[in-house]
Structure formats: structure tokens, C-alpha cells
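A short worksheet on the structure shown next.
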Amino acid sequence: MTDGPVLVLNAGSSSLKYQLVVPGSGEVRTKGLVERIGEDGSDVADHAAAVEQLRRRLVEDGVDLDAVGLRAVGHRVVHGGPDFSDPVVLTDAVVDQIRDLSPLAPLHNPGAVAGIEAARARLAVPHVAVFDTAFFTTLPAAASTYALPRELAEQHRIRRYGMHGTSHRYVSRAVAALVGRPLEELDQVVLHLGNGCSASAVRGGRAVDTSMGLTPLQGLVMGTRSGDVDPGLHSYLHREAGLSVEEVDDLLNKRSGLKGLSGVNDFRQLQELRAGGDEHAALAFDVYVHRLKHYLGAYLVQLGRLDVLTFTAGVGENNAALRAAVVEGLDGLGLSVDAERNGSPGREARVISPDGSPVTVTVVPTNEELEIARQTVALLETGPAG
Ligand code: ADP
């Protein structure tokens, strides 16, 4: 195979993130972000203009897309709904199918579709969609089914889909390489802790449970999202505070989580406030950790045993205090971190539990762009997975 680069695109409603990556070596040729698409006063009118701007920026970086041997474009798509369990080559019909999934991800899929259409019209190479939900299509029915009237759930495609799957997949495979054991033998819990946060239980490389649900709102406490709340909260807020459905949605997605509790959504700022004695920041940290322990405990029991616990994404990769807090008091369950290993900063995948620990605790940097590039090339070389 030629190891030509893959352009990985992550299009939102008003932004286009790009990375030109060589799938084999993982080398990043260039990356960047086109922002403020379609906003007032912006010179980027729409996604078509964003792709043109991306081309110009690449030229400024010394990259001519027509001359680098571009292999393909890999698109990150948040929601694959019930239809897409694997990456797929984008055709007009597939783009229509992704558009039809927009009700399931109104904040994400329309932007992705706009980005796909603009890029397909301008870059004459194969385009592949890689779905954030795909890794979780293996969830057992018992884990993916909400206890709702069956017909209603079927009609509206209501189930637990899970998100961040590209990251959970990449990280759980990287863990096997790090600990030098076959993926098939490992029972793992992966904690992806960025602005959005999710946990997964992975048995033998297949996801068996995850904390996000129909939408990315369920589960862990996040930067601005509440994660789990009593489902009765919605009607309570409607009755008592006069909030509309849209207002509750906005409240739980954008004004809750760490931000709602402490005023800041960035974990570094939270740590500074907490270190300075701010009691709201201290409680926010405690709630965040409590929820993580809740899911860790649940997955320990779902799996029946645990080989590796892994921390990834911005907070998971960089915050030693948070990692220590999650495993604190769990020695009896075989979980602990070595203070020095946990405390030493690093960019590489690494083990932070003591030698001989019953459960290996690791930090593994995620790399969703590389995973998308690799899945894109794998699909084009071997055809759809059987
Ligand atoms: P996203 O989910 O948007 O990809 P990230 O994975 O970059 O976000 O995670 C963002 C979070 O990670 C923020 O709360 C930020 O404070 C935290 N974070 C990022 N880098 C560091 C760092 N070097 N030290 C501590 N926290 C960090």
C-alpha cells in the first residue's frame, strides 16, 4: 500500500477541525481549525467556504492537497444510529441516511453532513464516515435497552448508543499493546475524561457497557453537562421553575456539570479554585469523582473481573490528583496507583499502578484522528467488515 496521508475532518455546525495524518506512522503533517462558520461578521460564510479556507491554510503550511498523494478523507460523524456499526464509504445515499439521523444528534449530525457535502464536492478522493457510536453497537441488549414501552422505543429508535467510541476503541487496543497481552484476554474499563466524559467496559476488545446513552448527556459529570439526573427533574423544573423543554435541555447541556457547580468548566481552573479553598470547586471535584466511582463499580461487577483501568483525554491524561482520587480506598478491590508513577507527567502511554498490582492502572493518550485515518484506510483496502 502507499502510505499517503488521510485528511481527517471533524465538522460541527460552526467549526471545521482538520488533521492531515499518515495512517501507518501516525505522523501529523498539519492540523488546524476553521472557526465561526456562518456566524455574523465572519468571512467564512458556509462549510464550502470553510473547505476552501482549509485548502489555503494547507498551502500556507506547504501542503498542496493535489500533490501529496492524498489517499482519502475520513469524516468524524457523532451519531450512526441503529444503521451504522462500521465505517462506510460516503455515497449520496449514505449522506442521506446520515442526514436522516439528525433528530438523534441535532447538535452534531447536521454540521457533519454540511462538512461532508462541502468536502466531497471539492476533494476528488474516496470519503469515509467513521461513527462515534460504532464501537458500542456490540452492547448486549440488556445494556442498550431503556425500560420504556417497547413499541415507542422502536418507533423512535430510542436505545443507548454511546459516544466517544472511536476513542474507547483506540485506547482499549493501545492498552493491549502497552501491557503486552492479547486484547482478547483483557477485561478493561476506559475512562475518557475531556470536556465530554464517558466510561466504557470492554471485554476482549468488544464494548459491553458505556455511560453515554441516546445522547451524550447521560452518565458522568462533564464540563458543562450534568450527566445522570433523576428523569423526573424535567417535569419538576417545568412545573416549579416554568422552564420549557428547550430551556431544560440547554440547562443540562450547557450550564450544568462542573460549570454549574463551580462556575468553571475547565478542570485546570477547577483545580486552582479548589487549591485556593473554594468550597464549591471542592464539592464539584467530589461529585465528579463520586460519579466516576459509581460507574467503575458498576463495570467491575458487569465484567466480573478487571485487568486494566485506563484514564484518557484531557483530564484523564493530565490530572494526577483526579486519578488518585478515583482509586482511593479501592486497594481491597486490587486497584491503586503508585504515587510517583502517577505524579510524573508524560506524553506516552504508561502504567501508573505498582508492580504486581492485581489490576493494572494506565494512562493512554487518545488519538481519535489517527484511529479515523486508520479505519478509513482499512475500509478502502479490505472492503466493509463482514
Ligand atoms: P475535548 O473533550 O474537547 O477533546 P480535552 O480532551 O482536550 O477536550 O479535555 C479538556 C479538559 O482537559 C479541560 O477540562 C482541561 O482543563 C483538561 N486539560 C487539558 N490539558 C490539561 C493539562 N495539561 N493539565 C490538566 N488538565 C488539562
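Both ligands and their constituent atoms are indexed starting at 1 by order of listing. Values below: all heavy atoms of this structure, side chains included; hydrogens, waters and symmetry mates excluded. Here, residue 1 is the first one in the sequence, and each next residue gets the next number.
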Practice prompt. Determine, considering heavy atoms only, which of Pro365, Pro345, Gly314 sits nearest to atom 12 (O) of ligand 1.
Written response: Gly314

Discussion item. Does ligand 1 come near enough to Phe267 that some N or O of the ligand is less than 3.5 Å from an N or O of the residue?
Written reply: yes

Practice prompt. Step by step, work out the ring-ring contact (aromatic ring centres under 6.0 Å, His included) result for His127 and His75.
Written response: CA-CA 7 Å; His127 290 247; His75 295 266; 5.2 Å; yes

Item to complete: Scan side-chain atoms only and decide if His168 and Ser198 contain a donor-acceptor pair under the 3.5 Å cut-off.
Response: yes

Worksheet item: Using a distance-only test with no angle check, is there a side-chain donor-acceptor pair under 3.5 angstrom linking Thr310 and Thr362?
Response: yes

Worksheet item: If you measure from each heavy atom of Gly196 to ligand 1, is any distance below 4.0 Å?
Response: yes

Fill in: Sole residue of Val59, Val125, Val73, Leu70 in side-chain contact (heavy atoms from CB on, under 4.5 Å) with Leu65
Leu70

Fill in: Atoms in ligand 1 flagged as close to Ala313, the criterion being non-hydrogen separation under 4.0 Å
6 (O)

Worksheet item: Which of parallel (below 30°), tilted (30 to 60°) and perpendicular (above 60°) describes Phe131 and Phe84?
Response: parallel

Worksheet item: Just which atoms of ligand 1 are under 4.0 Å from any heavy atom in Asn195?
Response: 1 (P), 2 (O), 3 (O), 8 (O), 9 (O), 10 (C)

Discussion item. Distance to the ring centre below 6.0 angstrom and angle to the axis at most 45 degrees; does that hold for Arg291 and Tyr295?
Written reply: no

Item to complete: Kindly confirm or rule out an N or O of Val315 lying under 3.5 angstrom from an N or O of ligand 1.
Response: yes

Practice prompt. Ignoring hydrogens, tell whether any protein atom lies closer than 4.0 Å to atom 4 (O) of ligand 1; use the non-hydrogen atoms only.
Written response: no

Discussion item. Counting non-hydrogen protein atoms only, what is the nearest one to atom 24 (N) of ligand 1? Give residue, atom name and distance.
Written reply: Asn318 CB, 3.2 Å

Worksheet item: With no hydrogens and no angle check, do the side chains of Arg274 and Gln271 hold a donor and an acceptor under 3.5 Å apart?
Response: yes

Fill in: Ligand-side contact atoms (ligand 1) for residue partner Asp266, heavy atom cut-off under 4.0 Å
14 (O), 15 (C), 16 (O)

Worksheet item: Could Arg29 and Asp61 be called an ion pair, given the rule that one side-chain N must be under 4.0 Å from one carboxylate O?
Response: no

Discussion item. I'd like to know whether ligand 1 has Asn319 as a neighbour, heavy-atom separation below 4.0 Å.
Written reply: no

Worksheet, complete the sentence: Candidates His164, Arg268, Met222; heavy atom nearest atom 19 (C) of ligand 1 found on Arg268

